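Notes for the one structure printed next.
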Amino acid sequence: MMQTILHLKCSPKGHAAHSSQLSEEVAAQLLAANAGAKLLKRDLAANPPPVPDAAFSAAMLSGASANHAAFAASEVLIGELEACDALVIGTPMHNYCVPAVLKAWVDQIVRINRCFRSTPMGKVGMLHDRPVFVVVASGGYFTSSSPNGTPPQPDFLTPYLRAIFGTIGLHDVHFITLEGLTRGPDAISLALANARAQLERLIPTNAAVAD
Ligand SMILES: Cc1cc2nc3c(=O)[nH]c(=O)nc-3n(C[C@H](O)[C@H](O)[C@H](O)COP(=O)(O)O)c2cc1C
């Protein structure tokens, strides 16, 4: 049973953002399937995490402890992540990858000897696993060709998030894609229908009954 769901929004478009709206549906579906669960929300576009500065970099490279002043924002964000049983992210694709605010969040939470260890076998995650649901909204198409045959564009977003979450121990990562959103109203309707079908397969609306 999930007790806490963390919802991160990353679009600069506020409530008009497709990724925000659909990821709210994902969070609502998780709440419906987990009676009594609470929702923690963070809008990374409205309040961007700091980018690593000289003090953060020096603290990280010198192995400073978690209570170092340069890690204050990082500890808040890691604390939210550790507190949740499921993470929901709504993000646009920006230039084939995550938007800068989501990258800034990643740079704050992926800290050596806090969230992963470096070993001779490679990096080993230190957080316990929990499901991650990522809604990705894009103007064009990247999982397959467009309906009129334009080849899919490069996708560094989904492999990047899978790799970075795996690094800290989160391996149960699911993507729901909303593609073709700048291709007119019919393409948007189709994208929403496809995305809701992906969501229904991941979190069936009768999940609470099945429990
Ligand atoms: C800076 C920027 C870069 C973008 N890069 C891409 C891209 O690489 N591929 C793409 O398909 N769409 C790209 N788009 C379009 C957005 O992904 C698209 O408008 C999407 O709907 C935004 O999601 P949102 O409605 O959740 O904000 C970009 C938009 C912006 C503002």
Side-chain angles (χ1 to χ4, degrees), residues 5-32 39-52 77 80-81 84 86-110 131-166 170 173-203 205:
I5 293 150
L6 174 61
H7 180 201
L8 303 178
K9 292 194 277 191
C10 310
S11 173
K13 287 161 54 183
H15 192 68
H18 295 284
S19 60
S20 300
Q21 290 174 16
L22 198 82
S23 57
E24 269 160 22
E25 290 181 32
V26 176
Q29 219 145 308
L30 286 173
L31 286 174
L39 185 61
L40 247 172
K41 298 187 209 180
R42 182 172 279 280
D43 187 335
L44 297 177
N47 292 297
V51 291
L77 298 175
E80 291 174 356
L81 184 56
C84 79
L87 172 62
V88 177
I89 300 177
T91 184
M93 172 180 274
H94 280 176
N95 296 313
Y96 309 147
C97 199
V98 294
V101 293
L102 182 52
K103 178 61 164 56
W105 180 83
V106 166
D107 287 340
Q108 290 295 329
I109 60 138
V110 181
V132 181
F133 301 94
V134 188
V135 173
V136 184
S138 61
Y141 297 85
F142 62 90
T143 60
S144 59
S145 301
S146 79
N148 55 18
T150 307
Q153 57 186 314
D155 168 25
F156 297 99
L157 190 160
T158 64
Y160 173 66
L161 286 183
R162 210 178 272 291
I164 208 69
F165 281 125
L170 276 52
V173 182
H174 308 273
F175 292 98
I176 297 163
T177 64
L178 269 171
E179 300 173 61
L181 295 173
T182 56
R183 308 299 152 92
D186 290 349
I188 293 176
S189 300
L190 190 60
L192 279 168
N194 283 338
R196 291 200 176 104
Q198 295 169 53
L199 173 56
E200 185 60 27
R201 283 193 294 275
L202 282 173
I203 314 165
T205 35

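For reference, positions follow the sequence shown, starting with 1. All values derive from a computational prediction rather than experimental measurement. Remember, it's 1-based here, ligands and their atoms both numbered in the order they're listed.
In this view, Asp155 satisfies the salt bridge (charged side-chain N to carboxylate O under 4.0 Å, His left out) rule with no residue, not counting sequence neighbours. For the side chain to side chain donor-acceptor pair (under 3.5 Å) test, residues two or more places apart in sequence or in another chain that qualify with Glu80 are Arg42. In this structure, the side chain to side chain donor-acceptor pair (under 3.5 Å) partners of His174, at least two apart in sequence or on a different chain, are Asp172.
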List the steps and the verdict of side chain to side chain contact (heavy atoms under 4.5 Å, CB included) for His18 and Ile188.
-> CA-CA 9 Å; His18 295 284; Ile188 293 176; 3.9 Å; yes
Show the numbers, then the answer: is there a side chain to side chain contact (heavy atoms under 4.5 Å, CB included) between Glu179 and Met93?
-> CA-CA 10 Å; Glu179 300 173 61; Met93 172 180 274; over 6 Å; no
Can you check side chain to side chain contact (heavy atoms under 4.5 Å, CB included) on Ile203 and Phe133, steps first, answer last?
-> CA-CA 10 Å; Ile203 314 165; Phe133 301 94; 4.0 Å; yes
Can you pull every nitrogen or oxygen pair between ligand 1 and the protein closer than 3.5 angstrom?
{"unit_1": "ligand 1", "atom_1": "5 (N)", "unit_2": "Asn95", "atom_2": "N", "d": "2.8"}
{"unit_1": "ligand 1", "atom_1": "8 (O)", "unit_2": "Asn95", "atom_2": "N", "d": "3.0"}
{"unit_1": "ligand 1", "atom_1": "8 (O)", "unit_2": "Tyr96", "atom_2": "N", "d": "2.8"}
{"unit_1": "ligand 1", "atom_1": "9 (N)", "unit_2": "Gln153", "atom_2": "OE1", "d": "3.0"}
{"unit_1": "ligand 1", "atom_1": "11 (O)", "unit_2": "Gly139", "atom_2": "N", "d": "3.1"}
{"unit_1": "ligand 1", "atom_1": "11 (O)", "unit_2": "Gly140", "atom_2": "N", "d": "2.7"}
{"unit_1": "ligand 1", "atom_1": "11 (O)", "unit_2": "Gln153", "atom_2": "NE2", "d": "2.7"}
{"unit_1": "ligand 1", "atom_1": "12 (N)", "unit_2": "Gly139", "atom_2": "N", "d": "3.1"}
{"unit_1": "ligand 1", "atom_1": "17 (O)", "unit_2": "Met93", "atom_2": "O", "d": "2.9"}
{"unit_1": "ligand 1", "atom_1": "17 (O)", "unit_2": "Ala137", "atom_2": "O", "d": "3.4"}
{"unit_1": "ligand 1", "atom_1": "17 (O)", "unit_2": "Gly139", "atom_2": "N", "d": "3.4"}
{"unit_1": "ligand 1", "atom_1": "25 (O)", "unit_2": "Lys13", "atom_2": "NZ", "d": "2.6"}
{"unit_1": "ligand 1", "atom_1": "25 (O)", "unit_2": "His18", "atom_2": "N", "d": "3.0"}
{"unit_1": "ligand 1", "atom_1": "26 (O)", "unit_2": "His18", "atom_2": "N", "d": "3.4"}
{"unit_1": "ligand 1", "atom_1": "26 (O)", "unit_2": "Ser19", "atom_2": "N", "d": "2.8"}
{"unit_1": "ligand 1", "atom_1": "26 (O)", "unit_2": "Ser19", "atom_2": "OG", "d": "2.5"}
{"unit_1": "ligand 1", "atom_1": "27 (O)", "unit_2": "Ser11", "atom_2": "OG", "d": "2.6"}

